[in-house]
4 protein chains.
Amino acid sequence: MQLADIQSQHDDRNLYIDKVGIKDIQYPIVVKDRKNGKQSTVAKINMYVKLPHNFKGTHMSRFVEVLNNHRTNIGIESFRGILDDLKNVLESEESHIEITFPYFMEKYAPVSKLPSLMDYECSFFGSSYKNKKDFIVSVKVPVISVCPCSKEISRYGAHNQRSYIIIKVRYKGMIWIEDLIEMAENSASSPIFSLLKREDEKFVTECSYENPVFVEDIVRNVADKLLKDDRVTWFEVSSENQESIHNHSAYAEIVRDKR
Amino acid sequence: MQLADIQSQHDDRNLYIDKVGIKDIQYPIVVKDRKNGKQSTVAKINMYVKLPHNFKGTHMSRFVEVLNNHRTNIGIESFRGILDDLKNVLESEESHIEITFPYFMEKYAPVSKLPSLMDYECSFFGSSYKNKKDFIVSVKVPVISVCPCSKEISRYGAHNQRSYIIIKVRYKGMIWIEDLIEMAENSASSPIFSLLKREDEKFVTECSYENPVFVEDIVRNVADKLLKDDRVTWFEVSSENQESIHNHSAYAEIVRDKR
Amino acid sequence: MQLADIQSQHDDRNLYIDKVGIKDIQYPIVVKDRKNGKQSTVAKINMYVKLPHNFKGTHMSRFVEVLNNHRTNIGIESFRGILDDLKNVLESEESHIEITFPYFMEKYAPVSKLPSLMDYECSFFGSSYKNKKDFIVSVKVPVISVCPCSKEISRYGAHNQRSYIIIKVRYKGMIWIEDLIEMAENSASSPIFSLLKREDEKFVTECSYENPVFVEDIVRNVADKLLKDDRVTWFEVSSENQESIHNHSAYAEIVRDKR
Amino acid sequence: MQLADIQSQHDDRNLYIDKVGIKDIQYPIVVKDRKNGKQSTVAKINMYVKLPHNFKGTHMSRFVEVLNNHRTNIGIESFRGILDDLKNVLESEESHIEITFPYFMEKYAPVSKLPSLMDYECSFFGSSYKNKKDFIVSVKVPVISVCPCSKEISRYGAHNQRSYIIIKVRYKGMIWIEDLIEMAENSASSPIFSLLKREDEKFVTECSYENPVFVEDIVRNVADKLLKDDRVTWFEVSSENQESIHNHSAYAEIVRDKR
């Protein structure tokens, strides 16, 4: 028996759909790693195509088939192939993929040099249009920020807190996730670590007290680096400081198109 | 003793900041209600201004002061005043406010007519620039969607699930939150309710089975209504169907600028 | 036409169900307020009953009806009535209700005395059994914690962060939400505020630096107060310090039954 | 220079702390897999010890060191070693570890037999006391549930939705995560899949319509299997049905101690 193909029926509302597909599928993936070659992690993935006005629906199962074919090698450069496959198997002229995953880097405590892993939430956003492709890399980097105002006006101490810096870039040539993480960590009061012995804690405390930054300073410090980096053609940088003296965050954001 | 005003110091990195302010402050607010005049609810609020390149920082406490002054009357029309106040007290030429809150409507079960409350997540996004203002209203509406393919190919039954329709609009004249909620509810297989007696459940089951819709149909149905509504100048409509046969969602999105 | 009552049919698996009901319904409620009499807020609510082994199902719509009847007056003392109503209308010998909501208190900045609102996540957990009732109040209180080790070993500064103290108590007589919030705020390095002017920020910075506490100290400080309070018959206190030098939390928990 | 060891100082409040340690550290781990031997995934981990009344604080960095030593082989049987290590290096008589991670199983669509991966949220909870150990495995399994009442009273169709079944067990001998997942999937209207072609969708729709279950039936079906399984000594099973006709869930829970 032939089952009816409702999705391929004609639709006469004359409305193309910008994006249609699957959202929030969780899948194990293998991503490129600057130091170790490859890294196993787990991603949340969205995949969409454009649907022409005359088709009633898309074929959702084919998105999962494309994902199955590529999941053992997800990287900035393999995105081109995934986007092309989506266009082909879904017979569409535009395709999109968004993927978010924790990425781990081995870091060494600043004094004891003990190793541990830090986690960073990373995302790739890729789109393929008729005559162009678009690709954005995003990293979310936890750091410590010490408040310059609090330090200046107080006889001792200074409030500080965990901040999350998000950097999104469009670029030409090659950029590693690790490059962006390092830019963020070098723009705050101090990087942070999973494992710190007492001598390391002393170092991070003193170092961050010597480098107080407002949320405004953080995004300006990152923006300054991104403006000077010729690979970067567009960026959006934000920082959310989870203020220890409030129950809300301080936030700043800079967007620049260098093209 | 005069405390140093670090934020007002000069910054020489020559970088203006697009948005700086406070994020995720939770506050009780009172919003306009089409039926009852006013409604008490609780909001998450972000407030930002643009910071000129020559200032080191903004004054975060003033954002909370502006919020304190307006919180007993938050509505589409009072946003203008909040945005102007932010520009004035923070000496900026651009201001932004984003506010998200649960909004409740009394609904009557379709057969028994018993009343209960439904919750909808609503947002207002407002911006004030040098020579223009921008304002977006957003509603997130839970509905039921029955799959037309599953209904057609199966001898009996059809998989269905909760879907969330999000409508964002720019408009001229007056639009009520309730107007957008009703558009969404009329574009799915059936509206849903907090309280249904057996006769109501029978009604919703049969009604939704008679009106199967793909995620594509939902966004097209809403888009069709928004295109015909002359008040609407721009919209983005999406639907996320939390597929009962998968552990991920089906998703579709239409954006149109009518200006 | 009489619709079949499937839920009331006989079940022969001989298994009673500990809890059955509705979960995560969002509803506007009015709660008692020590200062202002009443406060409007929005709650997430779970309501359950015990189901005897011989019934196939419970009647879910009746839970919402009970909620409708009580939502304009939710308080520690009205819980008894809700629990009794659940037992009656659902013909069960045990009932449970869990309710979580943001609760707001007006606070005055320590030096400028400017007012603003702080939000605290509060919960009530109530159960009614054949011959006894059980009731727990819970508050989640954000505070600032300065690390004593970091202060001691560093030449200047000390890492600090936002911490969340959760206090749950069983008690006799009367306890206000506000009493528990104050116990938590007095057990950390300093309370925190939504609105602080520069002179207040100086005060909070210096005060918290003068009162460094480990996560262990926080829970011991609270436990000490709860042990000495004769109204409290059982408690669980925890603190989660969102360490500014790590991307994870430090955590401590003390449980004591004084009965 | 010798840095002061504040944590080891004496505390005279005479209060032992039930649990102290680190919470919500994200780490890549390798877990045992029934089919493939091993599986790489990413976990959120909590690790605690009991702190005697006379110590001021614990040594947080040692928790991360223990985690580093074990992360390439996390399994039900290796928990004993982690718990022992925590007791030793933190000089405590009680230790606890809680670990939650997505676990993936390859499943074959029911008719087309096409393979895809399903994700299940799994947890291990382990505790080591003076003279005993305690260990709980938990799985969270998405399934489809068709409402028997809706089917019975309606002329056609029946509302259905995604449900999440959580099974927690204590046991003797050996139980695989996969065993518990299969018990859950066999207790609902139908298992669900990431990838379904049209013939599979027809099968799942019809199969689930033929097997309607209330949330009460789901937990009774699982409980029945767990009561008959001699390996299981204690269990807690719950199901949360994300009702497609409401914006809240139906919930049921059964707990039994067979010891």
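Residue numbers start from 1 in every chain, and the chains themselves are labelled A, B, ... in the order their sequence lines are given, proteins ahead of strands.
- More than 12 heavy atoms of other shown residues, nucleotides or ligands fall within 6.0 angstrom of atom CD in B:E210.
- For chain A, the nearby parts of B:N221 are the backbone and the side chain; heavy atoms of each come within less than 4.5 Å.
- Highest contact tally toward chain A, considering only B:S239, B:S238, B:G21, is held by B:G21 [criterion: heavy-atom pairs under 4.5 Å].
- Rounding to the nearest 0.5 angstrom, the gap separating the SG atom in A:C149 from the NE2 atom in B:H59 is 8.0 Å.
- Across all non-hydrogen atoms, the minimal contact from B:E152 to A:A4 is CG-CB, 3.8 Å.
- Within the 4.5 angstrom heavy-atom criterion, atoms from both the backbone and the side chain of B:Y16 approach chain A.
- Heavy-atom neighbours of B:F55 CZ from other residues, nucleotides or ligands within 6.0 Å: at or below the threshold of 12.
- For B:N69, there are no side chain to side chain contact (heavy atoms under 4.5 Å, CB included) partners at least two apart in sequence or on another chain.
- With sequence neighbours left out, the side chain to side chain contact (heavy atoms under 4.5 Å, CB included) criterion links B:D229 to B:M183, B:R231, B:V232.
- For the pair B:E236 and A:D18, the minimum side-chain heavy-atom distance is 4.5 Å or more.
- Applying the side chain to side chain contact (heavy atoms under 4.5 Å, CB included) criterion to A:P212, with sequence neighbours excluded, gives A:V146, A:P148, A:K151.
- Within 6.0 Å of OH in B:Y171 there are more than 12 heavy atoms belonging to other residues, nucleotides or ligands.
- Most heavy-atom pairs under 4.5 Å with chain B: of the set A:R220, A:K19, A:K23, A:E216, this distinction falls to A:R220.
- Among A:K56, A:K50, A:M60, the residue with the largest count of heavy-atom pairs under 4.5 Å with chain B is A:K56.
- Heavy atoms of B:L227 lying under 4.5 Å from chain A belong exclusively to its side chain.
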Going through the checks in order, is the side chain to side chain contact (heavy atoms under 4.5 Å, CB included) test met by B:V64 and A:H248?
-> CA-CA 11 Å; B:V64 182; A:H248 59 263; 4.2 Å; yes

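- Annotation: residues 250-259 of chain B contacts chain A through B:A250, B:Y251, B:A252, B:E253, B:I254, B:V255, B:R256 [non-hydrogen atoms, separation under 4.5 Å].
- Contact count versus chain A (heavy atoms, under 4.5 Å) is highest, among B:T58, B:I22, B:D217, B:V219, for B:D217.
- Between A:D24 and B:E240, some side-chain heavy-atom pair lies under the 4.5 Å cut-off.
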